Undergrad: 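What follows is a structure written as structure tokens; I'll ask about it next.
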2 protein chains.
Amino acid sequence: MTADPHSTAGPASRHGHDHAHCIADALTRADALCAERGARLTALRRQVLELVWNSHKPRGAYAILEDLSQREGKATAPLTVYRALEFLVEHGLVHRIESLNAYIGCAAPGAVHSGQFLVCETCGNAVEIDDPRIRAAIGTIAAEHGFQVSRPTVEVRGTCTDCQEKTP
Amino acid sequence: MTADPHSTAGPASRHGHDHAHCIADALTRADALCAERGARLTALRRQVLELVWNSHKPRGAYAILEDLSQREGKATAPLTVYRALEFLVEHGLVHRIESLNAYIGCAAPGAVHSGQFLVCETCGNAVEIDDPRIRAAIGTIAAEHGFQVSRPTVEVRGTCTDCQEKTP
DNA sequence: CCGGCGATGTAATAAGATAACGCCATGACC
DNA sequence: GGTCATGGCGTTATCTTATTACATCGCCGG
């Protein structure tokens, strides 16, 4: 375990925000959304969702797998996690960050998802944005090319405000 | 090997365009660019670049590896290919498509690279675009978040015109 | 000539993801 | 309650993608 100034493992650790609240919120929203859709948010899936929400950093499937194994006290197979993640992604509760092969909780499940992220290369945090201008620009150029969009992916790598301040 | 109506392996196979010309062009540009920068486009790297350009589809590192091994008549190690790809990506001669874990030749090396692609999920072709509106929108929202951009990634999955026509 | 550096070779392994198969719990239906 | 279909989950094996560590080669400047 490396020291990490941006760790969000504990409560109230990032910008003083109460991350436990983030998690609780996410789970509540997920419960509601799944109930509404008749989707089964099983104990396992809920557990995986909670682990994804352990921080605001994208987490790899195998990192989640380790956590899960530890919690359950027994080894879990990769497939178990992948299946849960697949469900969560399908229902828009979790996004996959392609450029990191990692997963992150969705900030606004249920709403339109265009999957845009600002990913800090220093601290690893990823902030979900949903900018209508970007969405519009993508729509326009796709139309100009006669291209039918199914899934736009925008992942902007760079440095977040906090990390810029720390290394000026 | 599966039959592929969109294969661009042979000359003049995609939309009647002379793909051999694409490859030759790409190599010429690469030579010029590297000479200009004092970068060493070695035989190996040049070979890998040529293999990347074998089609307009993003190709996996291991696919390139296979081609390379076959050409050389002896097994090549993955690292060989990865190192060459790293060089090519660094110099903007090749782009990595994150959502596919694959590589594709850059259409305009030397120019500004914002790395935007329209990726067809049916035929596998990827078209590089560089839309100023998307670039601007990303710049704007990043600025609004105080986020310093180092590498924007835009990969739009969907269906290209040709494939739409074929399955209406 | 030779020291150094960048490029390549070799081997091993990590990390990420999926395929194939089967069991079991749940819930619809009789 | 019994029965059946479905979906979720477990197990094992395997595949793809990527990297780490270390050795060697060859070119170029001094």
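Being a predicted model, the structure only gives us computed values, none of them experimental.
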Undergrad: For the residue pair B:H19 and B:W53, does the interplanar ring angle fall in the parallel (under 30°), tilted (30 to 60°) or perpendicular (over 60°) class?
TA: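 Ring orientation of B:H19 relative to B:W53: tilted.
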Undergrad: Tell me which nucleotide among C:dT8, D:dA18, C:dA17 gets nearest to the side chain of A:Y103.
TA: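 Looking only at heavy atoms from C-beta outward on A:Y103, the closest nucleotide is C:dA17.
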Undergrad: Identify the two heavy atoms, one from A:P109 and one from A:G92, that lie closest to each other, and give their separation to 0.1 Å.
TA: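 Closest approach of A:P109 to A:G92, heavy atoms only: CB-O, 3.6 Å.
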Undergrad: B:R59 pairs by side chain to side chain contact (heavy atoms under 4.5 Å, CB included) with which of B:L100, B:I104, B:I64, B:V52?
TA: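 Only one of B:L100, B:I104, B:I64, B:V52 forms a side chain to side chain contact (heavy atoms under 4.5 Å, CB included) with B:R59, namely B:I64.
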Undergrad: I need the residues from residues 58-92 of chain A with at least one non-hydrogen atom less than 4.0 Å from DNA chain C; give them sorted by number, or say none.
TA: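 Result for residues 58-92 of chain A: A:Y62, A:L79, A:Y82, sorted by number.
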Undergrad: So, B:H145 side chain and A:C160 main chain: donor-acceptor pair closer than 3.5 Å or not?
TA: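 Side chain of B:H145 to backbone of A:C160, a donor-acceptor pair under 3.5 Å: no, none is there.
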Undergrad: Hey, is the side chain of B:R96 poking within less than 4.0 Å of OP1 or OP2 on D:dA18, counting only N and O atoms?
TA: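 The answer is yes; a side-chain N or O of B:R96 sits under 4.0 Å from OP1 or OP2.
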Undergrad: Would you say B:E128's side chain and B:A107's backbone share a donor-acceptor pair under 3.5 angstrom?
TA: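 At least one qualifying donor-acceptor pair exists.
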Undergrad: Counting only N and O atoms by type, is there a donor-acceptor contact under 3.5 Å from the side chain of A:R45 to the main-chain atoms of A:R40?
TA: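 It does hold such a pair.
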Undergrad: Filter on salt bridge (charged side-chain N to carboxylate O under 4.0 Å, His left out), then keep only pairs touching residues 82-107 of chain A, sequence neighbours left out; what's left?
TA: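 Pairs touching residues 82-107 of chain A that pass the test: A:R96-A:E98, A:E98-A:R151.
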Undergrad: To check you understand the geometry: which heavy-atom pair defines the closest contact between B:A61 and B:V81, and what is its length?
TA: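 Distance-wise, the nearest heavy atoms are O-CG1, 3.7 Å.
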Undergrad: I want to confirm an ordering. Mapping A:L44 and A:N101 to their closest nucleotides on DNA chain D, which one lands closer to the 5' end?
TA: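 On the 5' side of the pair lies A:L44.
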Undergrad: How does each nucleotide of nucleotides 24-30 of chain D score, in 5' to 3' order, for protein heavy atoms under 4.0 Å: base (B), sugar-phosphate only (S), or none (-)?
TA: -------
